[in-house]
Trainee: 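One structure, pasted below without further comment.
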2 protein chains.
Amino acid sequence: MRPSKRDELVRKALPIFYREGFHATGMDALVAETGISKTTMFKHFRTKDELILAVLRYRDETFRNWFFRKLDDKALPPKDRLAAIFDILEEWFEEPAFKGCMFIKASSEFQDPDHPAYAQSAEHKRLLQTAFRSICADAGAHDPELLARQLLILKEGAIVAAHMGFDPEPAAIAKATAEQLIANQIDV
Amino acid sequence: MRPSKRDELVRKALPIFYREGFHATGMDALVAETGISKTTMFKHFRTKDELILAVLRYRDETFRNWFFRKLDDKALPPKDRLAAIFDILEEWFEEPAFKGCMFIKASSEFQDPDHPAYAQSAEHKRLLQTAFRSICADAGAHDPELLARQLLILKEGAIVAAHMGFDPEPAAIAKATAEQLIANQIDV
DNA sequence: CATTATATGTACCGATCAGTTCATTAAGTC
DNA sequence: GACTTAATGAACTGATCGGTACATATAATG
């Protein structure tokens with residue numbers, strides 16, 4: 001049971017940072033809400049930034065797992081998997097705890113491109129794009145690279161719209177858009 | 001010359017908040033970089049949050065002015081104005097000081113929907129959407145409301161992609177996408 | 001010149017920040 | 001039972017946070 005406390009900290013710190021923000025969350029607040037002592041926190045992570053980075057890595061892993069697991073569970077033929085991306089997005093938006101994309105927020109708070117939190121955030125999006133591209137290829141898109149980049153931009157825009165609340169049905173709008181792109185790239 | 005110092009403060013504080021973030025920028029840092037005394041700052045704004053709100057209002061005004069002025073200057077026929085949105089977006093992305101959308105960042109740092117900075121950020125996007133819709137209507141779109149919402153989501157996605165750097169040509173990708181949507185909605 | 005309004009510098013407030021020190025406790029291993 | 005490892009609580013550091021107090025300076029107006 002060696003590293004369990006460390007994992008517990010990362011797991012419990014995630015929703016706090018997600019809900020309150022990174023700068024706005026102090027170490028003392030983490031102690032109060034996680035029940036883990038500050039001494040222990042700084043034994044596992046030398047700085048707050050290192051903890052934040054571990055939280056972001058954990059988020060990247062769990063989010064992508066959750067997302068593509070959901071997609072796989074639908075057991076759709078390749079050509080229908082692309083539009084289904086936006087159905088899963090909608091499920092996410094409707095969660096009560098939804099507060100936008102953690103990586104968009106991380107890159108908003110840590111703007112220095114050399115900051116590891118920024119780098120990790122960009123990496124998360126790149127990994128999504130790679131996954132999208134392979135789905136596009138499986139679906140028989142003429143230009144999988146282009147379609148994946150279009151779908152990712154649509155997804156990010158929908159997240160921003162959902163978080164800021166300026167569009168009541170961002171996932172549906174993005175899905176309708178995606179379907180046009182897909183129809184133009186995939187022969188029926 | 002009554003409110004000049006107040007305006008000067010708002011004007012000078014804007015790029016600092018934009019570059020460094022809201023929480024990460026302290027009042028002392030604003031004093032150091034603007035050359036305006038802290039006493040004066042708190043004479044014009046009762047709290048830091050009020051200053052931030054004034055900065056966001058100023059940003060909303062200047063950004064929309066800049067954006068639609070640029071669009072008008074192109075003197076395009078209505079049906080070509082829509083795609084041109086993404087050319088202006090590209091100009092913005094290529095500015096050396098580009099650091100993403102200030103309102104996306106504000107809503108990332110101030111997540112409480114009741115926070116005035118959050119409300120102002122959402123309002124900015126709503127104003128853009130209204131402007132987009134009227135351009136869509138002028139262009140003869142079948143469903144101006146739908147098209148405007150699609151274009152705004154595309155624009156936000158492109159901004160995120162540009163800021164996080166996971167796509168080398170987000171404006172071009174978004175424009176190519178927009179052109180498909182436009183072609184589907186406007187008869188030639 | 002006198003008055004009024006605005007801006008300034010400096011020192012200060014209590015609270016909070018990230019991070020440390022240290023003595024104590026609890027649990028697992030040999 | 002001795003030893004090691006991990007976790008704890010609480011007090012503490014120096015720096016910074018947003019914001020205030022106050023006395024001085026500057027400038028325009030009458």
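Computed from a predicted model, the values in this text were never measured in an experiment. Every chain is numbered from 1, with letters handed out A, B, ... down the list of sequences.
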Trainee: Atom NZ of A/Lys43 to atom C1' of D/dG9: distance rounded to whole Å?
Mentor: 13 Å
Trainee: Phosphate oxygens OP1/OP2 of D/dT8: is one of them under 4.0 Å from a side-chain N or O of A/Thr40?
Mentor: yes
Trainee: Kindly confirm or rule out a cation-pi arrangement of A/Lys105 over A/Phe22, judged by NZ or CZ under 6.0 Å from the six-membered ring centre and within 45° of its axis?
Mentor: no
Trainee: Among residues at least two apart in sequence or on other chains, which ones pass side-chain contact (heavy atoms from CB on, under 4.5 Å) with A/Leu14?
Mentor: A/Val55, A/Tyr58, A/Arg59, A/Met102
Trainee: Starting at atom NZ of A/Lys12, determine the distance to atom P of D/dA7, rounded to an integer number of angstrom.
Mentor: 13 Å
Trainee: So does B/Lys5 pair up with B/Glu8, basic N to acidic O under 4.0 Å?
Mentor: yes
Trainee: Do B/Phe17 and B/Leu30 touch side chain to side chain, with heavy atoms closer than 4.5 Å?
Mentor: yes
Trainee: Anything under 3.5 Å between a protein N or O and an N or O of nucleotides 16-20 of chain D, put it in a table, one pair a line.
Mentor:
{"from": "D/dG18", "atom 1": "OP1", "to": "B/Lys48", "atom 2": "NZ", "distance (Å)": "2.5"}
{"from": "D/dG18", "atom 1": "OP2", "to": "B/Met27", "atom 2": "N", "distance (Å)": "2.8"}
{"from": "D/dG19", "atom 1": "OP2", "to": "B/Lys48", "atom 2": "N", "distance (Å)": "2.6"}
{"from": "D/dG19", "atom 1": "N7", "to": "B/Lys38", "atom 2": "NZ", "distance (Å)": "3.2"}
{"from": "D/dG19", "atom 1": "O6", "to": "B/Lys38", "atom 2": "NZ", "distance (Å)": "2.6"}

Trainee: Rounded to the Å, how far apart are B/Met41 CE and C/dT6 P?
Mentor: 18 Å
Trainee: Separation of B/Leu9 atom CG from C/dT8 atom P, in whole Å?
Mentor: 10 Å
Trainee: Could you tell me the separation between the NZ atom of B/Lys5 and the P atom of D/dA27, rounded to a whole number of Å?
Mentor: 11 Å
Trainee: Tell me whether A/Asp73 is salt-bridged to A/Arg69, with the criterion being a basic N under 4.0 Å from an acidic carboxylate O.
Mentor: no
Trainee: Side-chain N or O of B/His44 less than 4.0 angstrom from OP1 or OP2 on C/dA7?
Mentor: yes
